[in-house]
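Ligands are counted one by one from 1 in listed order, and the atoms in each one are counted from 1 as well.
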Amino acid sequence: MAAAGSLPDLQRAIQGCLACPLGPGRLKFVFGEGDPKARLMFVGEGPGRDEDQAGRPFVGKAGELLDKMIVAIGLRREDTYIANIVKCRPPDNRTPTSDEARACLGYLRRQIELIQPAVIVTLGATPLRELLGISEGITRVRGQWKRLQMGGREIPVMPTFHPAYVLRQYTQDVRRSVWEDLKAAKAWVDKGAED
Ligand code: URA
């Protein structure tokens with residue numbers, strides 16, 4: 001797996017994965033998708049029912065909102081890369097356990113190494129906890145830059161709310177928070193492009 005030199009190689013190597021109990025229950029493996037050289041990468045929690053059927057991340061209601069959020073900061077979905085902490089759907093859309101996340105984390109880390117994004121935006125509490133080891137509530141931590149150590153490099157990480165949460169809590173406050181977080185992430189992406 002670590003030897004995979006490209007995203008397609010990695011996908012081929014891991015798409016039959018049965019390393020955790022989620023594997024046997026999936027319809028489709030949801031590897032992730034987008035620009036392999038994306039400067040902005042989103043990391044969500046795990047596939048839901050729509051994603052399990054499509055084999056693609058964020059294609060349901062939360063995905064529609066994520067697409068709109070991406071357009072609002074002047075990008076297209078295909079300019080970014082979108083992946084999840086776990087690649088297979090947890091039953092009843094429950095949060096993946098830490099064991100499940102751990103079994104899958106090497107795959108995501110290899111994706112990040114291959115893509116080398118300038119900025120990662122984590123969506124909700126699960127990617128923050130499993131990728132960065134931060135268990136504080138998302139409401140407290142969102143909007144504050146974090147760092148991911150990756151192969152001798154540090155990648156800035158902007159935690160924000162999960163779009164499914166935004167749909168449930170469709171208040172001006174929550175929407176404004178996400179908008180500010182994404183604007184900050186985009187500004188960093190643009191700044192890096194100038195250097
Ligand atoms: N929620 C997620 O966290 N990821 C998806 O791919 C879809 C919904």
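When the shell of 6.0 Å around NZ of Lys183 is examined, it contains more than 12 heavy atoms from other residues, nucleotides or ligands. Around CD of Glu154, the count of heavy atoms belonging to other residues, nucleotides or ligands within 6.0 Å exceeds 12. More than 12 heavy atoms of other residues, nucleotides or ligands shown are found within 6.0 angstrom of CZ on Arg94. By the neighbour-count criterion of 12 heavy atoms within 6.0 Å, atom CZ of Arg153 is densely surrounded, having more than that number from other residues, nucleotides or ligands.
At a 4.0 Å cut-off, not a single heavy atom of Gly63 sits close enough to ligand 1 to count as contact. Proximity of His162 to ligand 1 is established by a heavy-atom distance of less than 4.0 Å.
For a threshold of 3.5 Å applied to N or O pairs, the pair formed by Gly44 and ligand 1 contains no separation below that value. Between Gly48 and ligand 1, a contact under 3.5 Å exists for no N or O pair.
For atom 4 (N) of ligand 1, the closest non-hydrogen atom of the protein is Asn84 OD1, 2.8 Å.
Near Pro57, with a cut-off below 4.0 Å to any heavy atom, the atoms of ligand 1 are 6 (O).
Both the backbone and the side chain of Glu45 come within contact range of ligand 1, each with a heavy atom under 4.0 Å.
When each of Arg176, Lys186, Arg142 is tested with Asp181 by the rule salt bridge (charged side-chain N to carboxylate O under 4.0 Å, His left out), just one qualifies, namely Arg142.
In summary, the aromatic rings of His162 and Phe42 are positioned with their centroids too far apart to meet the 6.0 Å limit.
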